[in-house]
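Below is one structure, written out as structure tokens, with a few remarks after it.
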Amino acid sequence: MSLAITPEQEALRDTARRFLASESPLERVRAVMDTPTAFDEELWRRMATELGAAGLAVPEQFGGAGMGYQEVSYLAEEAGRALAPSALLATAGMAVPALMAGTQEARAALLPSIADGSAIATVAWPDLGSPGSTTAPAARADRGPSGWTVSGGFPHVLDGAAAAILLVPAEGPDGLTVFAVESGEPGVRVEPLPAFDQTRGLARVDLSDAPATPVSVPGGGSEVLAAVRAHADVVLAAEMVGGAQACLDMSVEYAKVREQFGRPIGSFQAIKHKCAENQVEIEGARAMARYAAWCAQAIPDAMEEPAAVAKATAAEAYFRAAGDNLQIHGGIGVTWEHDAHLYFKRAKASLMLFGDVGAYQRRIADLIGI
């Protein structure tokens, strides 16, 4: 297996770029932002059917394409570039790896509908602001005469209002276990939430004796959540690289046409240096993101460290590129009508997902034994 892009992966990337430029321009993104779920259902359906977005890493026996996270990362990079309001991170980055780390029965029951786009799935992560929340269950599971039920609350669930399948960690008799809960079942309450990043949906999920089906083996929830976190880092890192590149492209284009003192502002060293430094950081983040995606396919048992490094590196590069983009545009960059603030908000919110850079640095130090 190679880190170099293959002709098939290049075709996927180019097709995704053209598709998203045509079907999800920023004008459409702004329209979706005004909806309660911040989710474009039609866009996701077409991404699933025409690009295979949800099923790229799903084995063929479960209706997927049987590819892997290198392909998912190329698609995620283009989705990040376009700020696509899709369920790619929640579904391909979280729900699919959760099910792949779960039982054979759960995979057979749930993956086919996820892969073909007919069902949106997400994971109710216990604390979206922390990378180490696999031992802090926010719900409990009980087994009665009619089967399992789950009760508890999750304050911030990615695409929770759009999801039909909620994968929920809960403390059961045998320890932390992951369960599948259908959002339309009795005892499930989902409330869309306003978010700083208006292009990514968040919801509060409250469960009260909601019918549930085990996804992991009893007591195997921590292993499932560890797989979710590592794969989510891979997908999120690629998405952030795409967003950072979009910010740099926007900065360079504006610097070519905006004039001050009778010359383009791109001719001034202060602007040149910002753009050059952004490019260096983005290329480093892209290399790390692609290595982490390669590890997810080639050596999944050793992917946790590179995935964490990829997420932290991409977060820093994206946040800097987004901030510099605002500065290069000057006053216009902070107006509602301009698109620069949309990328800045996505950059900041993505940086905080599963923990900020400092939290990731501490976690990486623990992983490598420093």
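Bear in mind that the values here come from a model prediction, so they are computed numbers and not experimental data. Numbers here are sequence positions counted from 1.
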Which atom of Leu75 lies closest to which atom of Ala16, heavy atoms considered: CD1-CB, 3.5 Å

No-hydrogen, no-angle side-chain donor-acceptor test under 3.5 Å, Ser267 and Arg263: yes

Side-chain donor/acceptor of Thr335 to backbone N/O of Ile332, under 3.5 Å: yes

Interatomic spacing from CZ in Arg143 to OG1 in Thr149 - rounded to 0.5 Å: 11.0 Å

With sequence neighbours excluded, residues passing ring pair (Phe, Tyr, Trp, His ring centres under 6.0 Å) with His338: His329

Straight-line distance of Asp142 CG to Asp209 CG, nearest 0.5 Å: 7.5 Å

Rounded distance [0.5 Å steps], CH2 in Trp294 versus CD in Gln70: 8.5 Å

Electrostatic pair Glu191:Arg189 at N-O distance under 4.0 angstrom: yes

Working for salt bridge (charged side-chain N to carboxylate O under 4.0 Å, His left out), residues Arg18 and Asp14: CA-CA 6 Å; Arg18 290 192 300 268; Asp14 294 346; 5.1 Å; no

Cationic N near anionic O, under 4.0 Å, Lys348 to Asp197: no

Nearest atoms (heavy-atom pairs only) where Val357 meets Ala312: CG2-O, 4.1 Å

4.5 Å side-chain heavy-atom contact, Val96 and Met100: yes

Where Leu20 and Ala82 come nearest, the two heavy atoms and their spacing: CB-CB, 4.0 Å

Single-linkage hydrophobic cluster, 4.5 Å side-chain cutoff, Leu326 and Leu351 together: yes

Residues which pass side-chain hydrogen bond (donor to acceptor under 3.5 Å, both in side chains) with Arg30, listed by chain and number, not counting sequence neighbours: Asp339

Nearest-0.5 Å distance, OG of residue Ser222 to CG of residue Leu176: 4.5 Å

Polar side chain donor-acceptor pair, Arg286 to Gln245, under 3.5 angstrom: yes

SB check Arg363 Asp233 (cutoff 4.0 Å): yes

CG-CG distance between Asn325 and Asn278, expressed to the nearest 0.5 angstrom: 8.5 Å

Heavy-atom donor-acceptor pair, Arg200 side chain to Pro85 backbone, under 3.5 Å: no

Sidechain-backbone polar pair: His341 side chain, Trp336 backbone, donor-acceptor under 3.5 Å: yes

Electrostatic pair Arg81:Glu239 at N-O distance under 4.0 angstrom: no

Heavy-atom neighbours of Glu41 CD exceed 12 at 6.0 Å: no

For Val228 against Ala98, the heavy-atom pair lying closest together: CG2-CB, 3.4 Å

Heavy-atom donor-acceptor pair, Thr177 side chain to Gly175 backbone, under 3.5 Å: yes

Expected output: side-chain Ser113 to main-chain Leu110 donor-acceptor under 3.5 Å: yes

Partners meeting side-chain contact (heavy atoms from CB on, under 4.5 Å) with Pro192 (sequence neighbours left out): Pro36, Ala161

Residues Val168, Leu207; criterion side chain to side chain contact (heavy atoms under 4.5 Å, CB included); working and verdict: CA-CA 10 Å; Val168 178; Leu207 306 173; 3.9 Å; yes

same_hphob_cluster(Val29, Met250) at 4.5 Å side-chain heavy-atom cutoff: yes

Which residues share a side-chain hydrogen bond (donor to acceptor under 3.5 Å, both in side chains) with Ser208, sequence neighbours left out: none

Hydrophobic cluster identity match, Val309 and Tyr291, side-chain contacts under 4.5 Å: yes

Polar side-chain atom of Thr313 near backbone of Ala310 as donor-acceptor pair, under 3.5 Å: no

Contacts of type side-chain contact (heavy atoms from CB on, under 4.5 Å), residue Ala314, not counting sequence neighbours: Ala237, Met240, Val241, Ala285

Salt-bridge criterion met for Glu77 and Arg13 (N-O under 4.0 Å): no

Validation row, ring centre Phe154 to ring centre Trp125 under 6.0 Å: no

Gln279 atom CD, over 12 foreign heavy atoms within 6.0 Å: yes

Test log, rule side chain to side chain donor-acceptor pair (under 3.5 Å), inputs Thr122 and Asp159: CA-CA 7 Å; Thr122 190; Asp159 290 313; over 6 Å; no

Shortest non-hydrogen contact from Val150 toward Ala139: CG1-CB, 3.8 Å

Counterpart residues, ring pair (Phe, Tyr, Trp, His ring centres under 6.0 Å), relative to Phe319 (two or more places apart): Phe344

Same apolar cluster (I L V M F W Y, side chains within < 4.5 Å links), Leu128/Tyr360: yes

Considering all heavy atoms, the nearest Pro214-Ala106 contact: O-CB, 4.3 Å

Greater than 12 external heavy atoms within 6.0 Å of Gln269's CD: no

Donor-acceptor pair between Arg45 and Ser118 side chains, under 3.5 angstrom: no

CZ-OG distance between Arg258 and Ser251, expressed to the nearest 0.5 angstrom: 14.0 Å

Main-chain N/O of Gly355 paired to Lys311 side chain as donor or acceptor, under 3.5 Å: yes

